[in-house]
Amino acid sequence: MLDRKFIVDNADQVRRNCADRGLTVDVERLVQLELQRRERQRDVEDLNRRANEVAKSIGKAADAAAREARKEEGRQLREQKDRAQADVDRLEAEILQIQAGIPNMSHPAAPVGADDAANRELRRGRQVPRELDFPVLDHVDLAAKLDLIDFEGGAKIAGHGFYFLKHEAVLLELALQQFAVQRLVAEGFTPVVTPDLAYTEILQGTGYIPRGPETQIYSIENTNLNLVATAEITLGGLLAGEILDAEQLPRKLCGISHCFRTEAGAAGRAARGLYRVHQFTKVEMFAFTLPDQSDAMLEHFCDLECRLFDELEIPYRVVDTATGDLGGPAYRKYDLEAWMPGRGQGGQWGEVTSTSNCTDYQARRLNIRFKHRGQKGTQFVHTLNGTAIAISRALLAILENYQQADRSVLIPAVLQPWVGCDRIRPRVT
RNA sequence: GGAGAGGUGGCAGAGUGGACUAUUGCACUGGUCUUGAAAACCAGAGUCGGGGUAACUCGACCGUGGGUUCGAAUCCCACCCUCUCCGCCA
């Protein structure tokens with residue numbers, strides 16, 4: 001959420017940013033409603049003050065008749081106050097609705113454009129895509145030949161988009177988690193395993209919208225709980241409502257969670273196999289920083305993502321996300337897109353990680369602040385999130401990039417200690 | 001899941017309808033004393049919003065949301081959470 005005072009004082013800038021992101025938002029109406037609300041709020045406070053004065057005077061009233069008169073006066077003042085408060089509440093609700101639809105401001109260097117066509121490639125990873133001089137399979141066919149993933153089984157018990165991992169795929173899932181968490185712990189992250197469910201207000205604080213027609217979120221009926229779409233939700237929510245000591249920032253966490261996404265409206269998009277599924281495991285990075293640390297932290301997160309994929313020896317490119325393709329809370333976002341030889345005709349880049357600087361947009365709604373010891377006042381922290389490893393897409397990229405002419409798949413060297421072999425061979429049945 | 005007890009400032013902990021303008025202690029900040037520190041003593045100090053150049057001042061906040069009342073930390077209702085015991089269970 002953007003600061004309301006900022007919106008009112010910088011309406012033009014906010015309107016332009018909404019346009020850059022391809023959104024139409026009635027900023028003028030918000031400004032107008034907010035000015036009305038402030039005026040009415042002053043009435044509420046004035047009536048409260050007068051009612052408080054009356055209440056205090058009752059004990060000192062000379063006689064019963066005077067006391068009754070004062071009571072009546074107090075009653076009327078409270079009634080007026082209630083009416084004024086109702087106006088304020090009504091205005092507040094309408095303002096919030098508009099305000100919630102306003103995205104974060106965008107980094108001045110972020111490419112301006114309507115969609116991912118305007119994304120800017122920043123650089124490529126160490127590994128270049130291999131020349132494959134044999135018929136290339138995609139991960140679905142590879143997994144079938146190697147008996148690694150059972151999509152039919154997943155569909156049978158939970159529907160399309162669910163799957164069973166089997167054999168070396170299971171070892172790879174665990175190996176990727178180990179690999180990511182160990183690297184991150186060495187970089188000063190506190191590792192956590194988070195809940196896979198969270199309250200609606202926590203999701204909203206992080207910028208996710210449960211229970212709408214277009215929601216990507218699974219909710220538990222008759223409760224206030226939802227399945228998380230990412231550990232970003234639980235990691236951000238962990239410190240909701242807290243005031244942090246400035247000296248203890250930045251604070252870096254990495255969380256393992258399962259991620260659940262309905263993928264409503266995703267039908268028809270390139271979604272074969274593991275690329276777009278309803279459940280996967282992810283190791284997520286999250287940071288709480290001082291405002292002047294967040295730009296550098298975003299670069300740090302991006303560097304870490306690059307290091308992980310360089311170590312896995314998977315080809316990738318880094319992309320600076322265009323304004324129209326940024327999520328609402330993001331101020332700037334970098335994606336890593338891995339080379340996926342089996343995707344499309346002759347291979348395509350496909351997103352494997354994403355890291356965002358959300359500045360104070362999430363922190364304002366989650367109410368996470370910091371203060372300097374001995375100084376008065378608080379400010380909102382900045383929050384950042386980044387994918388370390390999303391298992392399903394990393395697995396996809398490994399299978400397709402490491403496939404061999406004999407239909408075996410090599411195991412990346414860094415993962416071999418955990419997988420316990422250097423190659424997955426077709427299973428003899 | 002059942003029964004009981006609770007949720008008050010950074011922490012501990014008092015407050016059961018009107019001077020709460022939230023007692024007190026610890027921790028914190030400044031000062032006095034001291035070569036310096038500790039101790040002692042004195043003083044200050046929460047968050048959010050509004051008004052004012054400022055000293056300052058007004059409103060809100062005692063788990064959350066409603067309600068009763070002229071007036072609620074205090075009474076009532078619902079929900080959330082914590083602790084103890086019991087049940088169930090990996």
Side-chain angles (χ1 to χ4, degrees), chain A residues 1-9 30-96 99 193-205 210-211 219-226 233-234 237-249 251 258 288 360-381:
Chain A
M1 194 146 56
L2 281 187
D3 180 32
R4 205 175 289 177
K5 206 179 291 175
F6 176 86
I7 299 172
V8 170
D9 294 345
L30 184 147
V31 170
Q32 190 193 356
L33 291 169
E34 171 61 6
L35 296 177
Q36 283 177 41
R37 187 198 64 83
R38 285 183 195 173
E39 199 181 318
R40 209 70 180 111
Q41 182 64 39
R42 276 196 287 278
D43 295 342
V44 170
E45 289 177 9
D46 184 55
L47 289 163
N48 253 331
R49 183 180 53 74
R50 285 158 63 193
N52 287 343
E53 281 167 8
V54 169
K56 275 181 192 162
S57 74
I58 285 178
K60 298 170 194 138
D63 54 49
R67 199 154 32 239
E68 280 311 313
R70 295 302 261 170
K71 279 193 190 181
E72 182 52 32
E73 194 182 341
R75 217 172 280 137
Q76 282 179 14
L77 282 167
R78 289 293 180 196
E79 270 171 32
Q80 287 178 48
K81 186 221 80 175
D82 286 345
R83 277 197 295 274
Q85 184 67 56
D87 288 345
V88 170
D89 290 347
R90 188 175 46 74
L91 289 163
E92 177 70 22
E94 198 177 340
I95 291 165
L96 262 180
Q99 194 180 2
V193 174
T194 88
D196 286 342
L197 277 73
Y199 287 127
T200 299
E201 67 200 77
I202 299 292
L203 271 78
Q204 286 168 341
R211 298 173 204 267
S219 297
I220 310 287
E221 212 174 346
N222 300 323
T223 72
N224 198 19
L225 288 166
N226 313 272
I233 292 166
T234 45
L238 181 61
L239 297 184
E242 297 198 15
I243 298 174
L244 311 175
D245 185 343
E247 283 169 35
Q248 285 169 5
L249 296 174
R251 205 155 142 185
H258 293 114
F288 303 91
D360 60 1
Y361 191 89
Q362 288 177 327
R364 181 167 294 106
R365 195 144 26 164
L366 289 168
N367 194 23
I368 307 174
R369 292 168 289 167
F370 70 89
K371 69 174 296 191
H372 290 279
R373 252 187 289 177
Q375 283 182 26
K376 245 181 115 65
T378 60
Q379 283 181 68
F380 291 108
V381 301

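This is a predicted model, so every value here is computed, not measured. Naming convention: chains lettered A, B, ... in sequence-line order (proteins, then strands); numbering from 1 in each chain.
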Side-chain N or O of [X] closer than 4.0 Å to phosphate OP1/OP2 of [N]:
X	N	value
A/Lys5	B/rG50	yes
A/Arg50	B/rG59	no
A/Asn367	B/rC48	no
A/Arg75	B/rC70	yes
A/Ser57	B/rC70	no

Quiz item: Given A/Tyr199, which of A/Leu197, A/Ile202, A/Leu203 fulfils the side chain to side chain contact (heavy atoms under 4.5 Å, CB included) condition?
Solution: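 Option passing the side chain to side chain contact (heavy atoms under 4.5 Å, CB included) with A/Tyr199: A/Ile202.
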
Side chain of [X] - closest among [options]:
X	options	result
A/Lys371	B/rU47, B/rG59, B/rU21	B/rU47
A/Thr378	B/rG18, B/rG50, B/rU47	B/rU47
A/Tyr199	B/rC81, B/rG49, B/rU21	B/rC81
A/Ala55	B/rA60, B/rC70, B/rC48	B/rC70

So what does [X] touch, heavy atoms closer than 4.0 Å: a base, only the sugar-phosphate, or nothing?
X	result
A/Lys81	nothing
A/Asn224	nothing
A/Arg38	nothing

Quiz item: Does B/rU84 pair with anything, Watson-Crick or G-U wobble, both distances under 3.5 Å, and if so, with which nucleotide?
Solution: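 Across all strands, the one nucleotide that pairs with B/rU84 is B/rA3.
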
Quiz item: With both distances under 3.5 angstrom, what nucleotide forms a Watson-Crick or G-U wobble pair with B/rG36?
Solution: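 Check on B/rG36: unpaired, no WC or wobble geometry under 3.5 Å.
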
Quiz prompt | Check: A/Gln41 side chain, B/rG59 base, donor-acceptor under 3.5 Å | solution =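 Answer no: no donor N or O sits under 3.5 Å from an acceptor.
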
Quiz prompt | Atom pair distance, as rounded to whole Å: CZ in A/Arg4 and P in B/rC48 | solution =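 My rounded result for the distance is 16 Å.
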
Quiz item: Which comes earlier along RNA chain B counting from the 5' end, the contact point of A/Arg49 or that of A/Lys71, where each point is its nearest nucleotide?
Solution: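 Of the two residues, A/Arg49 wins.
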
Exercise. For A/Glu72 and for A/Ile243, locate the closest nucleotide of RNA chain B by heavy-atom distance; then report the residue assigned to the nucleotide nearer the 5' terminus.
Key: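 It is A/Ile243 whose nearest nucleotide is closer to the 5' end.
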
Quiz item: Does the side chain of A/Leu91 reach to within under 4.5 Å of the side chain of A/Gln41, using non-hydrogen atoms?
Solution: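 They are not in contact (no side-chain heavy atoms under 4.5 Å apart), so the answer is no.
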
Cationic N near anionic O, under 4.0 Å, [X] to [Y]:
X	Y	value
A/Asp82	A/Arg78	no
A/Glu79	A/Arg75	no
A/Glu94	A/Arg90	no

Quiz prompt | Pairwise P distance for B/rA39 and B/rG30, with rounding to whole Å | solution =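 Approximately 14 Å lies between the P atom of B/rA39 and that of B/rG30.
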
